[in-house]
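Since this is a predicted model, take the numbers as computed values, not measurements. Letters A, B, ... mirror the listed sequences (proteins, then strands); counts begin at 1. Atom set for the values below is all heavy atoms of this structure, side chains included, hydrogens, waters and symmetry mates excluded.
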2 protein chains.
Amino acid sequence: MTTQSFPVTELVAARRPTRKDAARNYDALLAAAREAFAEHGAEASLEDIARRAGVGIGTLYRNFPTRRQLFETVYADEVNALCQLAVEVAEREPWEALTVWLDRFAGYMVTKRAVREALDGESEVFVACRESMYAGGGPLFARAQEAGVVRGDMEFGDLLRMVAGIMATAFEDEAQRDRVLGIALDGVRMRKDPGA
Amino acid sequence: MTTQSFPVTELVAARRPTRKDAARNYDALLAAAREAFAEHGAEASLEDIARRAGVGIGTLYRNFPTRRQLFETVYADEVNALCQLAVEVAEREPWEALTVWLDRFAGYMVTKRAVREALDGESEVFVACRESMYAGGGPLFARAQEAGVVRGDMEFGDLLRMVAGIMATAFEDEAQRDRVLGIALDGVRMRKDPGA
DNA sequence: ACTCTACCGGAGGCGCACCTCCGCTTCAAC
DNA sequence: GTTGAAGCGGAGGTGCGCCTCCGGTAGAGT
């Protein structure tokens with residue numbers, strides 16, 4: 001198993017308690033929060049999350065004194081997983097590696113959008129997430145650009161936002177979403193024709 | 001002034017009261033709701049909306065017995081304006097007409113996304129909005145396709161969702177948003193080169 | 001000017017989510 | 001097995017948004 005360290009990697013593990021029951025509760029809370037955020041967005045009730053996790057509301061507040069800290073932990077966890085994936089796909093063809101990774105990125109964004117929006121863009125954790133995302137996915141993008149399969153007048157951040165935006169929208173069905181994403185990625189791909 | 005009737009056009013005017021003070025309050029409520037939804041999304045407080053409009057909460061409930069009705073009216077109003085614009089730009093060059101219209105569409109979507117999401121896709125008003133949108137913007141799209149400036153394997157609905165998704169995302173600045181939108185629209189545009 | 005009716009506003013009851021606080025429980029070190 | 005510290009859970013206070021209801025007000029018809 002390939003495991004590499006990114007800015008978020010430490011942050012994720014840092015707060016997890018050591019005592020056995022406490023660690024179990026912590027994990028249950030994180031899982032419940034992921035589920036609740038996916039279902040109800042950032043407005044999910046904290047009491048509902050505690051209930052799902054099978055712990056008291058007090059336990060939730062001990063582990064995550066603020067709503068924000070819960071958001072941050074859930075989000076950082078996902079970003080870390082994405083970074084690990086980037087390492088795994090790094091050996092494939094440039095364009096394929098990039099799209100495989102984007103595919104997974106897109107999947108996360110569907111449910112994590114609400115959490116991201118609720119996070120202040122300047123918080124320590126959010127900055128670490130951004131840096132990790134660039135450290136993980138950036139090389140895939142750069143390689144594709146160097147290989148001449150991605151247009152030069154675009155930045156990695158542009159691509160992330162484009163995909164995130166499209167994934168956050170409601171479509172009639174999966175086919176339509178894929179079609180639209182494909183068309184947009186056609187704009188990303190280097191054109192074979194020279195002029196206008 | 002070009003004024004044309006679309007499915008939403010009647011719905012918009014239907015509920016407006018006739019008495020002078022009532023009509024004034026109705027308009028103030030709509031304006032306040034637009035503002036509040038843009039600022040806080042679909043979770044905006046109804047009491048805050050009433051306060052902004054300078055009317056009592058009772059007046060809000062008399063005009064819009066349910067939160068949904070307020071959403072619907074605000075949204076239908078915007079759609080109607082978009083339809084009127086489509087009529088106005090119909091004489092320009094196909095690609096230009098389409099992009100001018102999309103530009104305005106994009107502007108609306110930034111603030112109206114929350115409202116749209118809160119609306120049930122099957123409600124009478126929402127269906128009328130969808131039909132109006134297609135009746136207004138569809139011809140611009142069809143004309144651009146016939147003129148050979150838009151790829152053939154795309155539907156109007158695909159384009160709307162693509163633009164809506166991109167506009168709903170947070171960007172670093174306006175320049176980045178424009179750049180990303182431009183790249184995505186490059187995917188929409190007919191390619192000059194023949195093969196892959 | 002008068003009337004009568006439609007409309008106005010906001011006080012207040014209700015319910016839900018947030019968060020604190022503390023007596024009880026469980027872990028783990030010895 | 002004992003013990004003390006770390007952890008647990010949920011009762012309950014607080015605040016806020018939703019919605020109803022009705023005494024007062026202001027427009028429209030005569």
Side-chain angles (χ1 to χ4, degrees), chain A residues 13-75 114-115 117-120 123, chain B residues 13-75 114-115 117-120 123:
Chain A
R15 291 200 244 260
R16 192 163 181 274
T18 54
R19 221 175 87 166
K20 201 172 20 169
D21 57 346
R24 186 166 7 99
N25 283 339
Y26 180 92
D27 293 339
L29 278 168
L30 268 192
R34 249 192 294 275
E35 206 178 292
F37 289 151
E39 203 164 311
H40 300 116
E43 282 80 30
S45 150
L46 296 185
E47 268 160 4
D48 179 48
I49 291 173
R51 220 174 303 126
R52 284 175 196 243
V55 305
I57 183 69
T59 300
L60 186 152
Y61 275 95
R62 201 170 320 102
N63 282 286
F64 308 99
T66 67
R67 173 179 278 265
R68 148 177 293 282
Q69 272 183 44
L70 182 53
F71 282 168
E72 288 180 342
T73 309
V74 166
Y75 185 58
V115 177
E117 284 176 3
L119 250 44
D120 175 8
S123 86
Chain B
R15 293 200 242 259
R16 194 163 180 274
T18 54
R19 219 175 89 167
K20 200 170 25 166
D21 57 345
R24 187 169 4 100
N25 284 338
Y26 180 92
D27 293 340
L29 279 169
L30 268 192
R34 249 192 295 274
E35 208 179 290
F37 289 150
E39 204 165 309
H40 299 116
E43 281 78 31
S45 150
L46 297 184
E47 268 161 2
D48 178 48
I49 291 173
R51 219 174 303 125
R52 284 174 195 246
V55 306
I57 184 68
T59 301
L60 186 151
Y61 275 95
R62 200 169 321 100
N63 281 286
F64 308 99
T66 67
R67 174 179 278 265
R68 150 176 292 281
Q69 271 182 44
L70 183 53
F71 282 168
E72 288 180 343
T73 309
V74 167
Y75 185 57
V115 177
E117 284 175 4
L119 250 43
D120 175 8
S123 86

Heavy atoms, side chains only, cut-off 4.5 Å: are [X] and [Y] in contact?
| X | Y | answer |
| --- | --- | --- |
| A:Leu70 | A:Ile49 | yes |
| B:Asn63 | B:Gln69 | no |
| B:Glu72 | B:Leu119 | yes |
| B:Asp27 | B:Arg16 | yes |

| task | Taking ring-ring contact (aromatic ring centres under 6.0 Å, His included) as the test, write out the residues that go with B:Tyr26, two or more places apart. | result |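 B:Phe64.
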| Hey, can you pull the residues of residues 21-45 of chain B with a non-hydrogen atom under 4.0 angstrom from DNA chain C? |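 Under 4.0 Å from DNA chain C: B:Asp21, B:Ala22, B:Asn25.
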| Contact list for DNA chain C against residues 58-69 of chain B - heavy-atom distance below 4.0 Å | B:Gly58, B:Thr59, B:Arg62
Between [X] and [Y], what is the shortest heavy-atom contact and its length?
| X | Y | answer |
| --- | --- | --- |
| A:Pro17 | A:Ala23 | O-CB, 3.6 Å |
| B:Ala118 | B:Phe71 | CB-CE1, 3.3 Å |
| B:Thr59 | B:Leu29 | O-CD1, 4.1 Å |

Could you give the [atom1]-to-[atom2] distance, from [X] to [N], as a whole number of Å?
| X | N | atom1 | atom2 | result |
| --- | --- | --- | --- | --- |
| B:Lys20 | D:dG29 | NZ | C1' | 15 Å |
| B:Arg19 | D:dG27 | CZ | C1' | 4 Å |
| B:Glu47 | C:dG9 | CD | P | 14 Å |
| B:Ile57 | D:dC19 | CD1 | C1' | 8 Å |

| Roughly how bent is the helix from C:dA1-D:dT30 to C:dC30-D:dG1 end to end, in steps of 10 degrees, with each end axis from five pairs? | 30°
Every protein N/O within reach of nucleotides 13-16 of chain D N/O, cut-off under 3.5 Å:
none

| Heavy atoms under 4.0 Å, any strand shown: does A:Leu46 hit a base, just sugar-phosphate, or nothing? | sugar-phosphate
| query | When rounded to the nearest 0.5 angstrom, what is the spacing between CG in B:Asn25 and CZ in B:Arg19? | reply |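 Those atoms lie 10.0 Å apart.
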| note | Here the gap from B:Phe37 atom CZ to B:Glu43 atom CD, rounded to the nearest 0.5 Å, amounts to 10.0 Å
| query | Quick one: salt bridge (charged side-chain N to carboxylate O under 4.0 Å, His left out) pairs with a partner in residues 52-66 of chain B, sequence neighbours left out? | reply |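 Residue pairs with at least one partner in residues 52-66 of chain B: B:Glu35-B:Arg52, B:Glu39-B:Arg52, B:Asp48-B:Arg52.
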